[in-house]
Amino acid sequence: MNLISKFLERTEYKDYEDFYKNARIVVPENFNFAFDVIDEYARLCPDKRAIVWCNSKGEEKFFSFKDVSEMSNQIANYFLKLGLKRGDYIMTMLNRRWEYWMTIIACHKIGITIIPATHLLTSKDIYFRLNSAEAKLLIATAEEDVIEHINSALDKCTTLIKCLYTEPVEGFEHFDELFAKESKELNIDYKPCGDENLMCYFTSGTTGMPKMVQHDYNYPLGHIFTAYYWQKVVDDGLHLTMAETGWAKCSWGRLYGQWICGTALFIYDYNGRFTPTDILPFIQKYGITTFCAPPTIYRFFIKEDLSSYDFSSLVHCSTAGEALNPEVYRQFLSATGQKIYEGFGQTESTLILGNFADFGEPIQGSLGKPSPVYDVVLIDDDENVIGNNQEGEIAIRLTEDQIGLVTNYKNDPERTLQARGGVFYHTGDLATRDDNGVYWYVGRKDDIIKSSGYRIGPYEVESALMEHPSVLECAITGVPDPLRGQVVKATVVLAKGYTPSDELIKELQMFVKKLTAPYKYPRIIEFVDEMPKTISGKIKRVDIRKKDENK
């Protein structure tokens with residue numbers, strides 16, 4: 001069983017137009033995901049599978065919804081014993097440890113705002129976040145690098161009262177041992193809900209210092225469309241999203257919508273660099289039914305011998321986080337028989353645009369069509385709504401009861417007013433919309449290249465380059481040029497078996513000229529061993545541009 005019908009007026013629609021026009025979320029009075037979903041499953045079907053967890057050491061754990069309910073109660077009771085109260089902030093650096101899911105549910109139950117942070121933070125990142133949010137507690141995975149960075153940061157943390165680890169660490173208390181002593185029953189006389197702050201994400205900071213993005217207690221309901229209609233999760237199935245707990249993609253794919261729809265979460269906890277072959281055997285071993293990953297993962301997958309793996313349990317695959325190159329789509333489909341359904345959204349939102357399997361085949365290379373939770377339009381620089389086949393910024397027309405969108409930026413009323421105080425929420429991403437209502441990605445507004453009077457979006461050139469077998473990763477940027485204003489530059493990481501050469505540069509340039517308008521080809525190609533990336537894995541084109549400008 002699942003709870004999906006409890007939160008939607010209807011679940012079936014004859015076509016996309018019916019879906020977009022009539023799909024409506026029912027928000028129960030005083031909705032709280034922890035009580036109204038987790039505890040409700042624990043009451044109705046306590047043995048229903050919630051989590052399948054394993055790690056690179058060969059350990060396995062299986063949790064039912066009753067387990068999640070009771071363990072979250074224990075953690076909530078421990079937090080209350082510490083003196084934490086409604087409205088306080090805590091931060092986690094738990095990577096893919098199972099304790100994260102129990103902890104976030106505990107926070108939701110007692111009104112503590114959780115800051116999920118990546119385990120890849122350095123000392124400066126850690127104390128900046130803890131101090132900015134005035135966090136009182138830090139819970140972390142006991143990985144060697146994590147411990148080292150936290151130890152370097154602790155004396156600079158002004159509001160922190162305690163730091164805990166999920167395994168024994170000398171000089172610190174053991175989180176698991178502490179909460180295990182508490183009662184499995186939670187007795188409180190309040191229910192956090194509505195516009196209270198549910199969680200706070202620090203953005204990955206591709207263009208400046210990270211922002212503190214806050215969501216309210218109705219935010220989880222927006223992810224019904226993410227999970228049920230885009231990822232097509234299966235009731236009593238097993239869903240895998242490739243995201244660690246420090247990123248908003250975890251909330252997109254490993255938490256809210258999936259559990260509302262009744263599917264279990266598959267979590268593989270590994271340390272160090274991701275190796276595609278690590279995850280591929282688990283699809284058959286555990287019977288994973290639905291899968292979602294950023295395009296980077298699919299790019300690595302297609303470099304493997306996929307014919308040696310069994311994908312028969314999979315019924316649906318999806319991707320988001322950056323644009324999916326058509327060549328990656330084609331190769332994955334050929335090797336596995338699975339189509340990849342692309343979607344688009346942000347840390348500040350739930351799914352904004354998506355290819356929805358119920359209403360047709362995925363349109364390769366497209367972002368799809370709007371989710372019913374948002375009124376999506378394209379606008380020009382003056383906030384005029386523009387029509388089809390024109391390039392504009394993806395924007396959301398704001399409503400009073402907007403679900404799923406950032407409610408505020410902590411300690412930044414000016415930015416909050418910019419985001420929620422006008423007619424539109426600006427995504428900062430450019431796209432076009434064709435006559436069928438399908439959106440096509442152009443690039444970040446700041447990434448557009450202006451060369452000899454032409455406006456060139458990096459995505460189309462990157463997609464062309466990705467079709468060449470020598471290219472593993474690439475980034476297109478503009479380089480200052482006295483004659484043209486800017487020229488197109490490609491920064492390329494080569495696939496195994498290829499080496500940089502003048503001949504390869506010419507080959508790649510001619511290759512792009514055949515696939516796109518000739519003026520878009522990269523006049524400069526630089527081969528690098530690795531791309532500059534944020535700690536979330538996104539390519540930092542701004543770093544490439546700054547490096548070239550300094551030259």
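Since we're looking at a predicted model, the values are computed, not measured. Numbers here are sequence positions counted from 1. The basis for the numbers below is simple: all heavy atoms, side chains too, and nothing from hydrogens, waters or symmetry mates.
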| task | Tell me, yes or no, whether the heavy-atom count around E144 atom CD, taken from other residues, nucleotides or ligands under 6.0 Å, exceeds 12. | result | no
| What residue pairs, at least two apart or across chains, pass salt bridge (Lys or Arg N to Asp or Glu O under 4.0 Å) with a residue in residues 347-361? | K232-D358, K339-E361
| message | Side chains of L405 and R420, heavy atoms from C-beta outward: is any pair under 4.5 Å? | response | yes
| query | From I456 CD1 over to I449 CD1, what is the distance, rounded to the nearest 0.5 angstrom? | reply | 6.0 Å
| task | Decide if atom CG of N550 counts as having more than 12 heavy atoms of other residues, nucleotides or ligands within a radius under 6.0 Å. | result | yes
| query | Do the side-chain N and O atoms of T118 and E244 include a donor-acceptor pair separated by under 3.5 angstrom? | reply | yes
| said: Taking A293's backbone N and O only, do any of them form a donor-acceptor pair with S318's side chain (distance below 3.5 Å, no angle check)? | reply: no
| query | Is the H223 ring parallel, tilted or perpendicular to the Y256 ring (thresholds 30°, 60°)? | reply | parallel
| request: For E526, enumerate each residue passing the salt bridge (charged side-chain N to carboxylate O under 4.0 Å, His left out) test, keeping only those at least two apart in sequence or located in another chain. | output: K489, K547
| Can you find a heavy atom in the side chain of L494 that is under 4.5 Å from one in the side chain of P500? | yes
| said: Rounded at 0.5 Å granularity, tell me how far NE2 in H119 sits from OH in Y100. | reply: 14.0 Å
| note | Sorted by chain and residue number, the ring pair (Phe, Tyr, Trp, His ring centres under 6.0 Å) partners of Y298 (sequence neighbours excluded) come out as F291, F332
| Does any non-hydrogen side-chain atom of L314 lie less than 4.5 Å from one of I283? | yes
| remark: Sorted by chain and residue number, the side-chain contact (heavy atoms from CB on, under 4.5 Å) partners of A117 (sequence neighbours excluded) come out as M91, M93, L121
| request: Please lay out, stage by stage, how L255 and I104 fare under the test side chain to side chain contact (heavy atoms under 4.5 Å, CB included). | output: CA-CA 10 Å; L255 186 56; I104 193 170; 3.7 Å; yes
| field | Residues that V52 engages under side-chain contact (heavy atoms from CB on, under 4.5 Å), provided they are two or more places apart | value | R49, F62, L238, F266, Y286
| said: One thing to verify: whether E467 and R330 come together as a salt bridge, which I'm taking to mean a side-chain N less than 4.0 angstrom from a carboxylate O. | reply: yes
Considering only distance and modelled atom types, tabulate donor-acceptor pairs under 3.5 Å from the side chains of residues 510-519, sequence neighbours left out.
{"unit_1": "T516", "atom_1": "OG1", "unit_2": "V512", "atom_2": "O", "d": "3.2"}

| request: List the atom of V438, the atom of K369, and the distance in Å for their closest heavy-atom pair. | output: CG2-CE, 3.8 Å
| Crowded around E549 CD? As in, over 12 foreign heavy atoms under 6.0 Å? | yes
| field | Between Y374 and T350: side-chain donor-acceptor atoms closer than 3.5 Å | value | yes
| said: Could you tell me if N55 and Y270 have a donor-acceptor pair between their side chains, going purely by distance under 3.5 Å? | reply: no
| message | According to ring pair (Phe, Tyr, Trp, His ring centres under 6.0 Å), who are the partners of Y329, at least two apart in sequence or on a separate chain? | response | none
| Under the salt bridge (Lys or Arg N to Asp or Glu O under 4.0 Å) rule, what pairs show up with a residue in residues 373-389, not counting sequence neighbours? | D375-R397, D381-K445
| Residues which pass ring pair (Phe, Tyr, Trp, His ring centres under 6.0 Å) with H239, listed by chain and number, not counting sequence neighbours | none
| request: Output yes when a side-chain donor or acceptor of W53 lies under 3.5 Å from a complementary backbone atom of R96, and no otherwise. | output: yes
| said: Let me confirm one number: the CD1-CG distance from I114 to L198, rounded to the nearest 0.5 Å. | reply: 9.0 Å
| query | Will you find, in the side chains of T11 and Y228, an N or O donor that is under 3.5 Å from an N or O acceptor? | reply | no
| Got a sec, which residues hit ring pair (Phe, Tyr, Trp, His ring centres under 6.0 Å) with Y16, two or more places apart in sequence or on another chain? | Y20
| task | Kindly give the heavy-atom pair with the smallest separation between I288 and F282, and that separation in Å. | result | CD1-O, 3.7 Å
| Is there any side-chain hydrogen bond (donor to acceptor under 3.5 Å, both in side chains) pair reaching into residues 499-509, and which pairs are they, with sequence neighbours excluded? | H468-E507
| Just checking, is any N or O donor in the side chain of Y219 or Q214 under 3.5 Å from an acceptor N or O on the other one? | no
| Between Q364 and E342, a side-chain donor and acceptor under 3.5 Å | no
| message | Could you measure the distance from the CG atom of L120 to the CG atom of N95? Nearest 0.5 Å is fine. | response | 7.5 Å
| Can you check whether V377 reaches F424 side chain to side chain, under 4.5 Å on heavy atoms? | yes
| Do K533 and E473 meet the salt-bridge criterion of a basic N to acidic O distance under 4.0 Å? | yes
| message | Can you confirm whether more than 12 heavy atoms, excluding those of K21, are under 6.0 Å from its NZ atom? | response | no
| query | What pair of heavy atoms forms the shortest contact from D18 to K14, and how long is it? | reply | OD2-N, 3.2 Å
| Heavy-atom check, side chain of P210 versus side chain of R129, under 4.5 Å | yes
| side-chain hydrogen bond (donor to acceptor under 3.5 Å, both in side chains) between S251 and Y201, worked out | CA-CA 10 Å; S251 293; Y201 274 112; 2.7 Å; yes
| remark: Looking only at heavy atoms, the pair that brings A50 and W259 closest together is O-NE1, 3.1 Å
| said: I'd like to know if the side chain of T336 and the backbone of Q338 have a donor-acceptor N/O pair within less than 3.5 Å. | reply: yes
| Any side-chain heavy-atom pair from I51 and W101 closer than 4.5 angstrom? | yes
| N388 and D434: side-chain donor and acceptor closer than 3.5 Å? | no
| task | Classify the angle between the aromatic ring planes of F359 and F356 as parallel (below 30°), tilted (30 to 60°) or perpendicular (above 60°). | result | perpendicular
| query | What is the minimum heavy-atom distance between L465 and A490, and which atoms define it? | reply | CD1-CB, 3.6 Å
| note | Value for OG1 (T241) from NZ (K249), rounded to nearest 0.5 Å, stands at 5.0 Å
| request: Using the test side chain to side chain donor-acceptor pair (under 3.5 Å), find all partners of Q418 that sit at least two apart in sequence or belong to another chain. | output: none
| query | Rounded to the nearest 0.5 Å, how far apart are CG of L367 and CD1 of I363? | reply | 10.5 Å
| query | Which atoms form the tightest heavy-atom contact between I25 and L221, and what is the distance? | reply | CD1-O, 3.4 Å
